**Student:** 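Quick one: the structure is below, questions incoming.
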Number of protein chains: 2
Amino acid sequence: MAATIRDVAQASGVHVSTVSRTFSAPHLVNPETRNRVLAVAEDLGYRPNRAARALTTGRTHNIGLIVADIANPFFPPLIKAAQAHARARDYHVFVADTDEDPQVEEELIQTLTKQVDGVLLCSPRLSNRAIERLHADVPFVVVNRRVKGMPTILMDVGHGARLAIEHMTGLGHRRIALVSGPSGSWTSGEMRAAATAMEGVDLVILGPNAPTEQGGLAVAADVIASGATGVLAYNDLVAIGLIEGLYERGVRVPDDVSVVGVDDIVSGRLNRPKLTTVAMPTAAAGRMAVDLLLQSVGDSATPTLATLETSLVVRESTGEVRQ
Amino acid sequence: MAATIRDVAQASGVHVSTVSRTFSAPHLVNPETRNRVLAVAEDLGYRPNRAARALTTGRTHNIGLIVADIANPFFPPLIKAAQAHARARDYHVFVADTDEDPQVEEELIQTLTKQVDGVLLCSPRLSNRAIERLHADVPFVVVNRRVKGMPTILMDVGHGARLAIEHMTGLGHRRIALVSGPSGSWTSGEMRAAATAMEGVDLVILGPNAPTEQGGLAVAADVIASGATGVLAYNDLVAIGLIEGLYERGVRVPDDVSVVGVDDIVSGRLNRPKLTTVAMPTAAAGRMAVDLLLQSVGDSATPTLATLETSLVVRESTGEVRQ
DNA sequence: GTGAAAGCGCTAACAC
DNA sequence: GTGTTAGCGCTTTCAC
């Protein structure tokens, strides 16, 4: 059995409270005693039990990170960044995957609340009502979704959509197709709003579509039928599927049609043609979400909204319109 | 503040132990009482505090999952599967990323041990000595690495390598290049051993190489110089980089050279040419690792070795040798 | 600066 | 079948 605080106390001839202090309030203990305790602790391989500590302090030093789908390439960079950032602040992170199921998500959060100081909700499927209810038990930060009065990280995909469309009109494209995502998606809504508001663009909206390669593949025929020469896809997966679908129908990218994705996942960089895309600041979002969460754990009454900028990465899937 | 066991006891007119029993040993309590307690608990939104429970039972119902790099596309399917499987068994999972740093890894495991019942180590960078030392404090399962006397999940990449090479020789390729991975890698060693043992193959080994797209890109010139017409790459990332590098040098895949990867990451399916690859059973490995871990938590004395089969997925990056 | 003691939320003997 | 009690490993008053 691993050493406990009592073992250390006994072995160093002080009482448990002194040992406790040397770890949680070192300045309160005589340097000499402190060093002795530290030496013994080192010797015994003692490490404070965080769970036991949590019982009295109310701080678990854990956070929960809930994403829709770990295997969706959009998430791993966010998870990685959030985890690294949390750990640098001495927090461990539970990660869980809801498989896009609201039921699972709610159940999950409930069993997690007691073990964490807060939860990071990434693109939750839960209703606002459910989120607000759960919020009574544990602090939240939501990413890419708006829930009133809740700390939020948004990625400004509307701006990215504008950049993408301007990029294409700059290349001479007039008729632009927006391949939208699932109907409930906040991101899709933002893209649509931004695109619709732009002037001098002959916009056609296609969708809703599944946010996957399949979704892109399936919409290829519609894109061709629409007569658009420029396409902004809901995300990179859709863009890649679409390019594939166009290719199968003898339409070349970027020669015949230009395609822009959203997210900047790894596959887009690896693919040929390399995908022009709206880069989402996923890593930054992960870090900032952790910061916001840790901060709102301290003082609960500060809902904040942070909007992170997106940018356009021009690669090979866009080109000048054919004469 | 959330309801505790005492609140429930008081509100339902029984003692805490009875409440405790209704949750952890329901059969020991009178159905009538049990229902009453359950109703009150539901009403109060009571959920047992798992951390507190762990303090007395010694079972946290958490596991740790440590991977080298969350953003490496090899891992997310494993993480996803392990997490889902664990949760189905009422376990939560901490996931952590060591960024390939042994120092970080060891420190991480140490702070995690008290909060988990066991740790899943995926392709650890730690020395065997360090692993064995840590093992005194917490059960482990290691994936794709051999540590004596430790429960292990291996993916039979040697078999996959044989399949890949046979596939290429079957297409008429005689001279085959093995683009190996980092020198310490168990996977790379297995591939090499399997390839070397094959007869009737004119094998040339290139490497070690970085396990990344860059590694593949950098080795392209050597592959061409080697005169090989078939290549087995350390993993898909390397294969994709290599194809890119060959392409830049005017060498076409599969027309001039056939390339096989290992892993079966998403990008390989999305890329053109779609990658022929040795599919690693990552999801199955994740699930099985959890099973093994949970089992070895029960009875500590059963180190087991499970070897999972790999398979060859033939897609578009391999073809008949040019006449 | 250090010790004593209570208590965090829960389980596990042991009584009855 | 249920109550009583001790205690898991730790922090935190409160004394001294």
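By convention in this document, chain letters (A, B, ...) are assigned in the order of the sequence lines, proteins followed by strands, and residues within each chain are numbered from 1. Keep in mind that what you see is a predicted model, and the values were worked out from it rather than measured.
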**Student:** Here's a test of your reading of the structure: between A:Arg36 and B:Thr56, which maps to the more 5' nucleotide of DNA chain C?
**Tutor:**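 Comparing both residues, the 5'-ward one is A:Arg36.
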**Student:** Where the side chain of A:Asn30 is defined as all heavy atoms beyond and including C-beta, which of D:dC10, C:dA12, C:dT2 is the nearest nucleotide?
**Tutor:** C:dT2
**Student:** For residues B:Asn128 and B:Arg145, is any side-chain donor paired with an opposing acceptor at under 3.5 Å?
**Tutor:** yes
**Student:** Toward the 5' end of DNA chain D, which comes first, B:Lys114 or B:Val16, by nearest nucleotide?
**Tutor:** B:Val16
**Student:** Nearest whole Å is fine: how far is D:dC8 C1' from B:Asn49 CG?
**Tutor:**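 Computing the B:Asn49:CG to D:dC8:C1' distance gives 13 Å.
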**Student:** Have a look at B:Val19 and say if it touches a base, only the backbone sugar-phosphate, or nothing, with a 4.0 Å heavy-atom cut-off.
**Tutor:** nothing
**Student:** Taking the side chain of A:Arg6 as its heavy atoms from C-beta onward, which of D:dC10, C:dG1, C:dC10 lies nearest to it?
**Tutor:** D:dC10
**Student:** Looking for any heavy atom pair under 4.0 Å, which part of the strands does B:Ser20 touch: base, sugar-phosphate only, or nothing?
**Tutor:**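 Base, at least one base heavy atom under 4.0 Å.
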**Student:** Taking only the side-chain heavy atoms of B:Val29 (C-beta and beyond), determine which of D:dT2, D:dC10, C:dG3 contains the nearest atom.
**Tutor:**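 Nearest to the side chain of B:Val29 among the choices is D:dT2.
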**Student:** If I compare all heavy atoms of A:Val119 with all of A:Val116, which pair ends up nearest, and what's the gap?
**Tutor:** CG2-CG2, 3.9 Å
**Student:** So for A:Arg50 and D:dG9, does any side-chain atom that can act as donor or acceptor lie under 3.5 Å from a complementary atom in the base?
**Tutor:** no
**Student:** State the CG-CZ distance between B:Leu112 and A:Arg47, to the nearest 0.5 angstrom.
**Tutor:** 11.0 Å
**Student:** Taking atom C1' of D:dC10 as reference, at what distance in whole Å does atom CZ of B:Arg53 sit?
**Tutor:**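 My rounded result for the distance is 20 Å.
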**Student:** Looking at every strand, decide which applies to A:Phe23 at a 4.0 Å heavy-atom threshold: base, sugar-phosphate, or nothing.
**Tutor:** nothing
**Student:** By nearest heavy atom, map B:Pro31 and A:Ala51 onto DNA chain D; which one lands nearer the 5' end?
**Tutor:**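 Nearest nucleotide further toward 5': that of B:Pro31.
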**Student:** Measure from CG on A:Asp7 to C1' on D:dC8 and round the result to the nearest Å.
**Tutor:**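 For the pair A:Asp7 CG and D:dC8 C1', the rounded distance is 13 Å.
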**Student:** If only side-chain N and O atoms of B:Thr33 are considered, is one of them under 4.0 Å from the OP1 or OP2 phosphate oxygen of D:dT2?
**Tutor:**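 Answer is yes, contact under 4.0 Å.
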**Student:** Using a cut-off of less than 4.0 Å, is there contact between a side-chain N or O of A:Thr18 and OP1 or OP2 of C:dG1?
**Tutor:** no
**Student:** Decide if atom CE of A:Met150 counts as having more than 12 heavy atoms of other residues, nucleotides or ligands within a radius under 6.0 Å.
**Tutor:**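 More than 12 heavy atoms, drawn from other residues, nucleotides or ligands, come within 6.0 Å of this atom.
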**Student:** Indicate, with a heavy-atom threshold strictly under 4.0 Å, whether B:Thr57 touches base, sugar-phosphate, or nothing.
**Tutor:**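 Sugar-phosphate contact only - B:Thr57 comes under 4.0 Å of backbone atoms but never of a base.
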**Student:** Kindly give the heavy-atom pair with the smallest separation between A:Ala283 and A:Ala81, and that separation in Å.
**Tutor:**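 Closest approach of A:Ala283 to A:Ala81: O-CB, 3.3 Å.
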**Student:** If you go through the side-chain atoms of A:Arg47, does one of them form a donor-acceptor pair with the base of D:dG9 closer than 3.5 Å?
**Tutor:**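 No such pair is found, so the answer is no.
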**Student:** Would you kindly give the NE2-to-P distance between B:His61 and D:dC8, to the nearest whole Å?
**Tutor:** 21 Å
**Student:** Which residue pairs pass the side chain to side chain donor-acceptor pair (under 3.5 Å) test when at least one of the two sits in residues 66-88 of chain B, sequence neighbours left out?
**Tutor:**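 Counting only pairs at least two positions apart or across chains, the side chain to side chain donor-acceptor pair (under 3.5 Å) contacts touching residues 66-88 of chain B are A:Asp69-B:Lys80, A:Lys80-B:Asp69, A:Asp97-B:Lys80, A:Asp99-B:Lys80, B:His85-B:Arg89, B:His85-B:Asp291.
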**Student:** Separation of B:Arg21 atom CZ from D:dT2 atom P, in whole Å?
**Tutor:**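 Between P of D:dT2 and CZ of B:Arg21: 8 Å.
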**Student:** Please report the distance, rounded to the nearest Å, between CG in B:Leu28 and P in C:dC14.
**Tutor:**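 Those two atoms, CG and P, are 15 Å apart.
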**Student:** Rounding to a whole Å, what distance do you find between B:Leu55:CG and D:dA6:P?
**Tutor:**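 The distance from CG of B:Leu55 to P of D:dA6 comes to 18 Å, rounded to the nearest Å.
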**Student:** Starting at atom CD of A:Gln115, determine the distance to atom C1' of C:dC10, rounded to an integer number of angstrom.
**Tutor:**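 Atom CD in A:Gln115 sits about 13 Å away from atom C1' in C:dC10.
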